[in-house]
Amino acid sequence: QRALRVPGDVEASSVSYQGGRILLASYERVWLIDSRDGSPVELVRAEPAYPFELSPDGRELWALAQDGRSLLRYALDE
């Protein structure tokens with residue numbers, strides 16, 4: 001068992017894991033944590049959206065646009 005430290009200012013309402021990445025998300029912010037070293041990165045989005053999820057292969061961040069009519073897909077660095 002291993003624990004990763006979550007930054008103190010992160011208030012996530014959802015968590016998911018895929019492809020070695022941990023996604024912590026709230027309505028306002030999205031954090032991606034590398035499960036190998038625990039390094040967190042806050043992601044900046046082009047437009048407001050919710051909910052967030054990682055793609056099955058962990059290479060994209062998916063989000064439902066606020067209007068609920070489109071899926072936004074953001075490529076993640078390898």
Side-chain angles (χ1 to χ4, degrees):
Q1 183 176 7
R2 190 174 138 210
L4 297 174
R5 181 174 297 278
V6 175
D9 60 342
V10 173
E11 294 182 20
S13 58
S14 68
V15 61
S16 61
Y17 175 83
Q18 196 65 260
R21 294 177 165 138
I22 301 164
L23 177 73
L24 301 173
S26 70
Y27 289 102
E28 301 292 326
R29 301 169 77 182
V30 179
W31 289 84
L32 198 60
I33 298 177
D34 186 323
S35 66
R36 294 170 294 182
D37 63 9
S39 60
V41 174
E42 184 173 8
L43 303 177
V44 178
R45 300 172 312 279
E47 60 183 272
Y50 192 80
F52 300 93
E53 187 60 66
L54 291 168
S55 64
D57 63 8
R59 294 181 181 178
E60 293 180 331
L61 175 67
W62 292 353
L64 184 63
Q66 283 187 329
D67 65 9
R69 298 181 180 266
S70 57
L71 178 67
L72 307 173
R73 296 171 63 188
Y74 302 96
L76 298 172
D77 293 335
E78 294 294 321

For [X], check side chain to side chain donor-acceptor pair (under 3.5 Å) against everything at least two apart and list the hits.
X: Gln18; value: none
X: Asp67; value: none
X: Ser35; value: none

Heavy atoms, side chains only, cut-off 4.5 Å: are Leu54 and Leu76 in contact? yes
How far does [atom1] of [X] sit from [atom2] of [Y], to the nearest 0.5 angstrom?
X: Ile22; Y: Ser16; atom1: CD1; atom2: OG; answer: 9.5 Å
X: Leu23; Y: Trp31; atom1: CG; atom2: CH2; answer: 12.5 Å
X: Leu72; Y: Leu64; atom1: CG; atom2: CG; answer: 7.5 Å

Between Glu60 and Ala75, the two heavy atoms sitting closest are CG-CA, 4.3 Å
